[in-house]
Amino acid sequence: MKLEESFYQRDNVTKIAQELLGKCIFTRTGGKVTAGIIVETEAYSHREQGSHAYRGKTKRNQVMFEAGGVAYVYLCYGIHHLFNVVTNSKDVADAVLIRALEPKLGEKQMLRRMNTSSLQGITSGPGKVAKAMGIDRRHNGVPLWDNEIWLEDGIPIIRSKISASERIGIAYAGKDAFLPWRFTITGNSWVSKP
DNA sequence: TACGTGATCACG
DNA sequence: GTGATCACGTAA
């Protein structure tokens, strides 16, 4: 079952980031379907300095201000595409970064996109997730209940299997860099390193 | 541990 | 216009 708009259009982004663990992301690009179970997320609230939306709307972050349930994809370090799920209501710019997946479908296609022959670590990191799934900036703003990128129920993750830690790579965010808003499925081998 | 890589943003 | 900066990955 695809997740509905109402799943995304709620207020509590850290709760949604945890609920996204175990959900399954699908993409269809170039006629090829790939899918994976989400095993690592990070929550970004417009109210804290880690968020691109902290200083208001800009050309880059404008889709974060749309109603929840669309993709926010941007280019990072000139090389990597990063994929976020926009949450909350219109003009309240919250989002969840998808940092790692466990591949479930279309592994062969993922290997080709990553130009490798081993599945190990192929989706363990946000840049790799987007590349392996064929996501790039053309997908910025696409709805997540359509047929390019969508999310479905996957496996239930109970609370005691979720670990929280500090988010990665946001030292610029001052004290907000210490918020424990990175969530992982405890012990899952597809989680990214640190 | 170093650095590639290019869009973006806050300045003039 | 311009320059510092960046929600990463890889090689070393």
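Protein chains get the first letters and strands the later ones, always in sequence-line order, with residue 1 at the start of each. A quick note: this is a predicted structure, and the numbers were derived from the prediction, not measured.
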Please tell me which of the listed nucleotides, [options], lies nearest to the side chain of [X]?
X	options	result
A/Lys128	C/dA7, C/dG9, B/dC9	C/dG9
A/Arg137	B/dG4, B/dT8, C/dC8	B/dT8
A/His80	C/dC6, B/dG4, B/dA10	B/dG4

Q. When you match A/Gly78 and A/Lys59 each to their closest nucleotide on DNA chain B, which lands nearer the 5' end?
A. A/Gly78

Q. B/dA10 pairs with which nucleotide, Watson-Crick or G-U wobble, both distances below 3.5 Å?
A. C/dT2

Residue pair [X] / [Y], side-chain donor-acceptor N/O under 3.5 Å:
X	Y	value
A/Asp91	A/Ser89	no
A/Glu102	A/Asn188	yes
A/Thr123	A/Arg99	no

Tell me: [atom1] of [X] to [atom2] of [N], nearest whole Å?
X	N	atom1	atom2	value
A/Ile168	C/dG9	CD1	P	10 Å
A/Asn115	C/dT10	CG	P	11 Å
A/Ile122	C/dT10	CD1	P	10 Å
A/Arg55	C/dT5	CZ	C1'	12 Å

Between [N] and [X], is there an OP1 or OP2 to side-chain N/O distance shorter than 4.0 Å?
X	N	result
A/Tyr172	C/dA7	yes
A/Arg167	C/dC8	no
A/Thr58	B/dC9	yes

Q) Is the Lys NZ or Arg CZ of A/Arg10 less than 6.0 Å from the centre of A/Tyr8's six-membered ring, within 45° of the axis? A) no

Q) Does the side-chain ring of A/Tyr44 lie flat on the base of C/dA7, meaning centres under 5.5 Å and planes less than 30 degrees apart? A) yes

Q) Just checking A/Arg182: base, sugar-phosphate only, or nothing, at a heavy-atom cut-off of under 4.0 Å? A) nothing

